[in-house]
Amino acid sequence: MKTVNLDITYEEYSSIEEMDPTDQMLVKEAIEAQKGSYAPYSHFNVGAAVLLEDGIVVRGSNQENAAYPSGLCAERTAMFAASANYPGKAMLSIAIVGGFSHSVADTPCTPCGACRQVMAEYQTLSGKPMSVIMFGTDKVWKFSRVDDILPFIFDSFNEK
Ligand code: THU
């Protein structure tokens, strides 16, 4: 038996101005995307923006439903829209913002496990790392690849 440690590295910014221009742009797109959020049940509004390899940005927001499980998170809305409309184009980055009643929270908005799994599959498909930017007004986290937020990922492509 041995004990194994995992090291995860990520960047933390104290404001959007510290980020590189492409990341700033993507965060602003996610903030715009949040406006389309339909969350009358949780009142928690999330926006996400996906940057494709050719510079196209695809927005998504959480969409709820009276039959609760029928709703979908912002991140998956954005990624599924990106894949449906631009099949095969690598998703290089995704930015996420969230907050109650259409506010933007001061702490980073962290994606749920199901969204991480979907990010992982698109990253594997493209073979290019997808960075994940979790925005808060006081603090922003940037992970350079999905592996760092979903270790021991389920990957059926490995089952050969
Ligand atoms: N939500 C997202 O859109 N993304 C996440 O990663 C976590 C949660 C949404 C789902 C639901 O509409 C609301 O936030 C409250 O859970």
Side-chain angles (χ1 to χ4, degrees), residues 6 8-16 19 22-52 56-86 89-126 128-156:
L6 281 182
I8 292 178
T9 304
Y10 60 95
E11 294 166 2
E12 182 174 298
Y13 301 85
S14 53
S15 78
I16 190 172
M19 308 187 78
T22 304
D23 292 344
Q24 289 191 34
M25 175 279 295
L26 204 60
V27 165
K28 287 174 188 161
E29 289 281 341
I31 292 170
E32 278 304 303
Q34 190 199 30
K35 293 178 182 163
S37 161
Y38 172 65
Y41 305 102
S42 73
H43 304 286
F44 192 75
N45 303 101
V46 185
V50 173
L51 175 68
L52 302 182
I56 290 174
V57 174
V58 180
R59 296 176 183 172
S61 54
N62 58 328
Q63 302 295 320
E64 298 185 351
N65 189 274
Y68 291 175
S70 301
L72 194 64
C73 292
E75 299 91 318
R76 273 176 288 163
T77 302
M79 287 185 282
F80 291 156
S83 181
N85 290 296
Y86 305 97
K89 285 200 176 153
M91 303 181 200
L92 298 184
S93 188
I94 182 168
I96 309 155
V97 310
F100 284 102
S101 304
H102 285 279
S103 65
V104 177
D106 51 5
T107 52
C109 187
T110 54
C112 78
C115 289
R116 294 176 197 211
Q117 182 67 36
V118 171
M119 290 171 193
E121 180 143 341
Y122 287 127
Q123 180 181 262
T124 303
L125 263 177
S126 76
K128 293 180 183 163
M130 185 193 305
S131 65
V132 184
I133 299 165
M134 307 176 192
F135 183 77
T137 52
D138 284 354
K139 202 180 354 186
V140 189
W141 291 333
K142 179 177 179 181
F143 297 79
S144 59
R145 51 194 189 133
V146 178
D147 318 48
D148 291 332
I149 58 168
L150 189 61
F152 304 112
I153 208 160
F154 172 72
D155 179 2
S156 62

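In listed order, ligands and their atoms are each counted from 1.
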Exercise. Can you name the residues that form a ring pair (Phe, Tyr, Trp, His ring centres under 6.0 Å) with Y13, not counting sequence neighbours?
Worked result: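 Scan of Y13 (ring pair (Phe, Tyr, Trp, His ring centres under 6.0 Å), adjacent residues dropped) gives none.
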For this session: Check ring pair (Phe, Tyr, Trp, His ring centres under 6.0 Å) between F100 and all other residues, then give those that pass, not counting sequence neighbours.
Result: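 Partners of F100 under the ring pair (Phe, Tyr, Trp, His ring centres under 6.0 Å) test: F44.
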Distances for all N or O pairs of ligand 1 and the protein under 3.5 Å?
| unit_1 | atom_1 | unit_2 | atom_2 | d |
| --- | --- | --- | --- | --- |
| ligand 1 | 3 (O) | A74 | N | 2.9 |
| ligand 1 | 4 (N) | E75 | OE1 | 2.8 |
| ligand 1 | 4 (N) | E75 | OE2 | 3.4 |
| ligand 1 | 6 (O) | E75 | OE1 | 3.4 |
| ligand 1 | 6 (O) | E75 | OE2 | 2.7 |
| ligand 1 | 6 (O) | C112 | N | 2.9 |
| ligand 1 | 12 (O) | N62 | ND2 | 2.9 |
| ligand 1 | 12 (O) | E64 | OE2 | 2.5 |

Exercise. Are a donor atom and an acceptor atom from the side chains of E64 and S42 found within less than 3.5 Å of each other?
Worked result: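 S42 and E64 do have a side-chain donor-acceptor pair below 3.5 Å.
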Problem set entry | Any pair counted as side chain to side chain donor-acceptor pair (under 3.5 Å), so long as it reaches residues 97-120, sequence neighbours left out |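 Every side chain to side chain donor-acceptor pair (under 3.5 Å) pair that includes a residue of residues 97-120, provided the two are not neighbours, is N45-H102.
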For this session: Could you grab the distance from atom CD of E29 to atom CD of Q24, nearest 0.5 Å is fine?
Result: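 E29 atom CD to Q24 atom CD measures 13.0 Å (nearest 0.5 Å).
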Exercise. Can you name the one residue among K35, K28, Q34 that meets side chain to side chain donor-acceptor pair (under 3.5 Å) with E32?
Worked result: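 When K35, K28, Q34 are each tested with E32, the side chain to side chain donor-acceptor pair (under 3.5 Å) holds only for K35.
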